[in-house]
Amino acid sequence: MDIEEVYSQRDYIEHCKKVHSYSKAINKILDLSESYIPDIEQAYKEGKKDAVWSNAAGWQVPLIYSFGVVPVSYSEMGRLSDKEAMQIAEDYYQFPVETCSMVKCTVGQWHRRRNTSTIKRIIGNSSACEPYNLAWEIMKREGYDVYNNDVVYRGPAVEGKRLEELVKFFVEQIYDIAEWLTGKRQIDEDKLRVEIQRKNRLLTKLRTVLELRQKRPFYVRSLATIVMLNIGLNNYFGKPEEYEAAIDLLIEELKNQPVNEADLKNVIPLVWAGGTGQEFGIYEAIDQAGGALLGLRSVPFKLYREDIPPVESLARWVYDNAGAGAGVYARNVLEHEVDKLSARGIILYGYIGCSFASVDREMWRKYFHEKGIPSINLEGSFQTGAPSGQVLTRVKAFVEMLA
């Protein structure tokens with residue numbers, strides 16, 4: 001498929017496979033991404049797997065898998081949406097036009113599935129955003145079984161007794177999820193420990209991939225990087241063993257790939273901040289201009305503690321995670337990535353209608369501008385479709401400016 005024939009997200013995935021024809025590992029990861037939602041929904045309908053719609057937050061994934069349930073990321077369902085799904089949210093549910101497009105796409109897709117045999121359970125996260133909190137309440141009226149857990153972020157000065165109270169509160173929340181999912185307020189700690197070990201193992205392996213990419217910046221291109229890290233690492237595409245095998249193969253490929261000194265001389269290292277943009281053409285524009293997404297907001301990868309009970313480990317991972325909570329925490333992660341990679345620029349990306357994220361991006365832009373680090377601030381909608389020519393022109397011009 002030539003780039004001139006690429007219009008949708010699925011087209012970009014197929015194009016990405018062709019670009020990475022030399023890599024069995026990357027093609028396997030892209031195949032897993034394409035089949036993620038349809039395979040799980042089909043297995044659920046056939047009674048082969050239990051599943052739950054989830055926002056695929058890091059700490060939820062080991063917990064859900066430990067119950068023998070597959071977490072199905074509803075943001076991925078929204079990503080492969082269309083304008084009709086947006087219209088359902090606006091016309092049928094009366095969502096304001098300015099509401100986050102990701103939320104509207106997700107609501108539209110749930111609406112289409114409401115009278116079918118598809119997955120009927122949704123687990124939310126109260127700290128996500130107010131539009132999603134509204135969406136979950138609406139889906140309850142449509143017959144979905146919804147559980148929305150409370151998560152309280154840890155302030156920078158919270159230590160000692162107050163921190164222990166937060167951990168205790170969160171542990172109770174985790175047992176509430178267990179009761180909702182299984183009907184029993186019980187957690188098999190051995191199974192949860194195995195899932196935590198899996199998550200730590202994958203976090204470590206993905207860190208290795210990023211380190212190897214610094215010397216081989218063009219082996220894994222921008223879209224494949226986002227699919228592998230920001231999407232796959234959150235939920236394993238519903239197939240943990242296959243995903244880990246693909247990552248192992250990718251590490252082997254990278255280690256066997258000779259370092260090209262010309263690539264190291266010509267590459268423009270960039271850090272991606274914000275959402276996992278659904279306008280996949282943006283990644284193609286970055287590649288065409290000689291850029292490489294070598295740093296992401298979601299790293300450094302913080303491991304889960306294995307020296308304490310596994311339920312407590314989930315809670316402490318949330319409250320010790322420097323990327324959670326206020327935008328300043330994420331800014332610190334971004335700054336670490338910029339310094340580590342000697343990045344020449346930052347790409348800030350968010351969804352139209354996501355007001356709190358737009359404030360964060362503006363604060364980050366100002367902060368890094370004062371430090372002499374250029375950035376570009378992009379907003380996009382979530383439904384299927386190629387990005388506008390204006391956006392692609394802006395991206396290419398920004399990356400080429402950094403050369």
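Treat the numbers as computed from the prediction; the structure is a model and nothing was measured.
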Which atom pair, heavy atoms only, marks the closest approach of Tyr147 to Ile177?
CE2-CG1, 3.6 Å

Is Glu312 paired with Arg305 through a side-chain N to carboxylate O contact shorter than 4.0 Å?
no

Would you confirm whether Ser54, through its side chain, and Ile123, through its main-chain N or O, come within 3.5 Å as a donor-acceptor pair?
no

Give a yes/no verdict on a cation-pi contact between Arg331 and Tyr367, requiring under 6.0 Å between NZ or CZ and the six-membered ring centre and an angle within 45° of the axis.
yes

Looking only at atom types and distance, does a side-chain atom of Arg316 sit under 3.5 Å from a main-chain N or O of Val311, one as donor and one as acceptor?
no

Under the criterion side-chain hydrogen bond (donor to acceptor under 3.5 Å, both in side chains), I'd like the reasoning laid out for Tyr65 against Gln60: C-alpha separation, chi angles, the key distance, then a yes or no.
CA-CA 9 Å; Tyr65 272 118; Gln60 287 183 343; over 6 Å; no

Which residue, Val399, Ile268, Val267, forms the side chain to side chain contact (heavy atoms under 4.5 Å, CB included) with Arg344?
Ile268

Start with the C-alpha distance between Glu84 and Arg112, add both sets of side-chain angles, then the distance that settles salt bridge (charged side-chain N to carboxylate O under 4.0 Å, His left out), and finish with yes or no.
CA-CA 10 Å; Glu84 183 181 340; Arg112 288 170 169 172; 3.5 Å; yes

Arg121 side-chain N/O to Leu181 backbone N/O, donor-acceptor pair under 3.5 Å:
yes

Testing Tyr144, Phe95, Tyr92 one by one against His111 for a ring-ring contact (aromatic ring centres under 6.0 Å, His included), which residue passes?
Tyr92

Check the angle between the aromatic planes of Tyr283 and Phe280 and answer parallel, tilted or perpendicular using the 30° and 60° thresholds.
tilted

Measure up the Tyr236 and Tyr243 rings against each other and bin them: parallel (under 30°), tilted (30 to 60°), perpendicular (over 60°).
parallel

Please give me the minimum heavy-atom distance between Asn125 and Trp136, naming the atom from each residue.
N-CH2, 3.2 Å

Using a 3.5 Å distance criterion without hydrogens, assess whether the side chain of Thr208 forms a donor-acceptor pair with backbone atoms of Thr204.
yes

Any side-chain to backbone donor/acceptor pair from Asn27 onto His20? Under 3.5 Å, distance only.
yes

Roughly how far, to the nearest 0.5 Å, is the CE atom of Met102 from the CE atom of Met86?
12.0 Å

Keeping Arg162 on the side-chain end and Glu159 on the backbone end, is there a donor-acceptor pair under 3.5 Å?
no

All heavy atoms of Ala85 vs all of Cys105, minimum pair found to be CB-O, 4.0 Å

Determine, using ring centers only, whether Trp110 and Tyr74 are less than 6.0 Å apart.
yes

Under 3.5 Å: donor-acceptor pair, side chain of Ser35, backbone of Asp31:
yes

salt_bridge(Asp263, Lys215) N-O dist < 4.0 Å
no

Show your reasoning for whether side-chain hydrogen bond (donor to acceptor under 3.5 Å, both in side chains) applies to Trp364 and Asn377.
CA-CA 10 Å; Trp364 297 337; Asn377 195 349; over 6 Å; no

Between Lys17 and Tyr12, is there a donor-acceptor pair closer than 3.5 Å when you use the side chain of the first and the backbone of the second?
no

Pairwise distance OG1(Thr225) to CD1(Ile231) - rounded to 0.5 angstrom
11.0 Å

Under a 3.5 Å threshold, yes or no: a donor from one side chain and an acceptor from the other, between Gln42 and Glu46?
yes

Decide whether Asn148 and Asn133 meet the rule of one side-chain donor and one side-chain acceptor closer than 3.5 Å.
yes

First locate atom CG of Leu254, then atom CG of Leu210, and finally report the distance between them rounded to the nearest 0.5 Å.
10.0 Å

Would you say NZ of Lys45 has more than 12 non-hydrogen atoms from neighbouring residues, nucleotides or ligands within 6.0 angstrom?
yes

Under-4.0 Å salt bridge between Glu244 and Lys205
yes

NZ or CZ of Lys49 within 45° of Tyr44 ring axis and under 6.0 Å
no

Give a yes or no on whether a salt bridge exists between Lys255 and Glu252, defined as a side-chain N under 4.0 angstrom from a carboxylate O.
no

Under a 3.5 Å distance rule, please check whether Thr182 uses its side chain to pair with a backbone N or O of Glu179 as donor and acceptor.
no

For Val158 and Leu163, work out which heavy atoms get closest and say how close.
CG1-N, 3.7 Å

Taking every heavy atom of Ile373 against every heavy atom of Gly345, the minimum-distance pair comes out as CG2-CA, 4.4 Å

Run the salt-bridge test on Arg221 and Glu284 with the 4.0 Å N-O cut-off and return the result as yes or no.
no

Inspect the contact between Arg185 and Glu172 and indicate whether a charged nitrogen and a carboxylate oxygen are less than 4.0 angstrom apart.
yes

Please determine whether a side-chain nitrogen of the Lys or Arg among Arg193 and Asp190 lies less than 4.0 Å from a carboxylate oxygen of the Asp or Glu.
yes

For Glu195 and Ser66, test the side chains for any donor-to-acceptor distance below 3.5 angstrom and give the result as yes or no.
no

Determine, for Glu90 against Lys104, whether the closest basic-nitrogen to carboxylate-oxygen distance falls under 4.0 angstrom.
yes

Quick check: do Tyr219 and Leu250 have side-chain heavy atoms less than 4.5 Å from each other?
yes

Leu233 backbone acceptor or donor facing Lys199 side chain under 3.5 Å
yes

Evaluate salt bridge (charged side-chain N to carboxylate O under 4.0 Å, His left out) for Glu337 paired with Lys340, printing each intermediate quantity in order.
CA-CA 5 Å; Glu337 288 295 288; Lys340 179 182 70 176; 3.1 Å; yes

Quick test of your reading of the model: are Lys302 and Asp320 salt-bridged, counting only N-O distances below 4.0 Å?
no

Using the ring centroid of each side chain, check whether Trp59 and Phe170 are separated by less than 6.0 Å.
yes

Indicate yes or no: does Glu335 engage Lys371 in a salt bridge with an N to O separation below 4.0 Å.
yes

Tyr36 vs Ser73, test: side-chain hydrogen bond (donor to acceptor under 3.5 Å, both in side chains). Steps then yes/no.
CA-CA 9 Å; Tyr36 175 32; Ser73 173; 5.1 Å; no

Side-chain donor-acceptor contact under 3.5 Å, Gln197 with Arg201:
no

Which heavy-atom pair separates Ser222 from Ile286 by the least distance, and what is that distance?
OG-CG2, 3.7 Å

